[in-house]
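These notes concern the structure reproduced below.
Protein chains get the first letters and strands the later ones, always in sequence-line order, with residue 1 at the start of each.
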2 protein chains.
Amino acid sequence: MGQVGRPREFEIDEALDKALHVFWKHGYEATSINDLLDAMGLQKGSLYKAFGDKHSLFLQALERYLEMGYQQTQACIQLQATPIAGVQRWFESLFGYCDQQNQKRGCFAVNALSELAPHDPEVAELLRLHFDRLELLLAKTIKKAQDKQEIRQDVAAETLSLFINTFVSGMMAQAKGRLDREACQHLVQTLMFLLQSQTPLPSV
Amino acid sequence: MGQVGRPREFEIDEALDKALHVFWKHGYEATSINDLLDAMGLQKGSLYKAFGDKHSLFLQALERYLEMGYQQTQACIQLQATPIAGVQRWFESLFGYCDQQNQKRGCFAVNALSELAPHDPEVAELLRLHFDRLELLLAKTIKKAQDKQEIRQDVAAETLSLFINTFVSGMMAQAKGRLDREACQHLVQTLMFLLQSQTPLPSV
DNA sequence: TGACTAATTGACCGATTGGTCAAAAATAAA
DNA sequence: TTTATTTTTGACCAATCGGTCAATTAGTCA
């Protein structure tokens, strides 16, 4: 039993990717339906039939971004030999967002957090779930690293995880205007140093 | 010689403050001229005569915010007994931006950085100058703190300054959706701990 | 070949956007 | 009182906004 009716002439995920990149570059409010139609190569009716209204399309693009980002983070962390190498690899994967060549687009999740979260419960909830799971994954990895003495043990893993996520958010925000790739690399270097140094236990 | 012509019926700075709070709450694109007129209590012609167009008004509001923010930071730092107490006091002044009661508006400078910096050279330049002077002030303070051994000396003051500013930006961004005042306080506590602990010099 | 179903097309909608401008009003100076 | 200068007012503008929908098209199935 094949599909009934006229077949869709585009791939949902491809169109979603194109929409994502427009929203990513210009933000939600500054993106018009016509901008989206141009980028996605669709007519108005097709867009509304396939994705609903502008807000719904944004949510779907955001969901896709978050899912891909989480999977990439998992891959970075789990494919490395040691926990700390995994974290380091994840940091490095972020430099692409800092690049000047990359149009200073920053992280789409942080952008959405800043522009929409305070007034948009659905966006806020998606981001809350995403950052929560990210911090959970990070905390687990840090705990392993602490067991291996790769990371300081005098601060709880959950605390370090939240700290790191907050710091990375700031780096992504600052990358939208002030920080180039090199500056971000230096910042991550500093972060790694602070995570690895440790106050010595008082020697009795 | 008094002023010639019909006198203005409102205070420039008061109106600018009202505009600032509208832009702060909704962002640039989501704020309409009518929103501004309502909040400022002006008619269209008066606004355009006094402030130019929407973009120009935004720049003036941003400049005012940055100037007041910088002066407040200076006050926090310089009115305390020790450098580290000054930095601590500055951190505490940020918690107001994290408060749930405060409508999750975050930091207007970080908001503007995220929404506009990549496409708006004038906004980008204002923010660059602001963050640069902020980091300079912070670096000087940290250097003093290092001399007094209040802060770790194994990382350069300029490096710590950029690190702190980046971290604070992230905290402001995350405060727009996920972090309440308590979480921000805990994060600052962690930051202070990391700044004060220090890798021991290798004992020979 | 029709019948049925779903996607495409683009004209069309009212509302809102940022912005302009001529007329009226309010002051100081002459 | 008149003149010069500036601000206020609100009607007005073209352009764009997000969104709808009837007609057309392209498939599958009987």
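The separation between L37(B) atom CG and dA11(D) atom P is 14 Å, rounded to whole Å. Atom OH in Y48(B) sits roughly 13 Å away from atom C1' in dC21(C) (whole-Å rounding). Look at NZ on K49(B): it is 13 Å from C1' on dA25(C), rounded to the nearest Å. Spacing between atom CG of D53(A) and atom C1' of dC17(D) amounts to 14 Å, rounded to whole angstrom units. One atom, CZ of R8(A), and another, P of dT8(C), lie 7 Å apart when rounded to the nearest Å. Summarising the geometry, the separation between CZ on F51(A) and P on dA6(C) is reported as 18 Å, rounded to the nearest angstrom. F10(A) has its CZ atom 16 Å from the P atom of dA26(D), to the nearest Å. Between D35(B) atom CG and dT17(C) atom C1' the separation is 11 Å, expressed in whole Å.
Side-chain proximity of I33(B) to dG18(C), dG10(D), dG19(D): nearest is dG18(C). Each of dC17(D), dG19(D), dT8(D) was ranked by its minimum atom distance to the side chain of E9(B); first place goes to dT8(D). Checking dT9(D), dA11(D), dT5(D) against every side-chain atom of K44(B), the shortest atom distance belongs to dA11(D).
In terms of polar N and O atoms assigned as donor or acceptor, the side chain of R6(B) never comes within less than 3.5 Å of the base of dT8(D) in a complementary pairing. Taking 3.5 Å as the limit, the base of dG19(C) and the side chain of K54(B) contain no donor-acceptor pair of atoms between them.
Note: F163(A) and F167(B) have parallel aromatic rings, judged against thresholds of 30 and 60 degrees for the angle between ring planes.
Tested against R178(A), the residues T166(B), L127(B), L162(B) include a single side chain to side chain contact (heavy atoms under 4.5 Å, CB included) partner, L162(B).
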Starting from the C-alpha separation in whole Å, work towards a yes-or-no answer on ring-ring contact (aromatic ring centres under 6.0 Å, His included) for F58(B) and Y65(B). CA-CA 10 Å; F58(B) 183 87; Y65(B) 174 87; over 10 Å; no
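Among the protein residues, S46(B) comes within range of the nucleic acid bases, having at least one heavy atom under 4.0 Å from a base atom.
Taking 4.0 Å as the cut-off between side-chain N and carboxylate O, E14(A) and R64(A) do not count as a salt-bridged pair.
With 3.5 Å as the limit, one finds no donor-acceptor pair spanning the side chains of Q185(B) and Q189(B).
Phosphate proximity of dG10(C) to Q43(A): present, with a side-chain N or O under 4.0 Å from OP1 or OP2.
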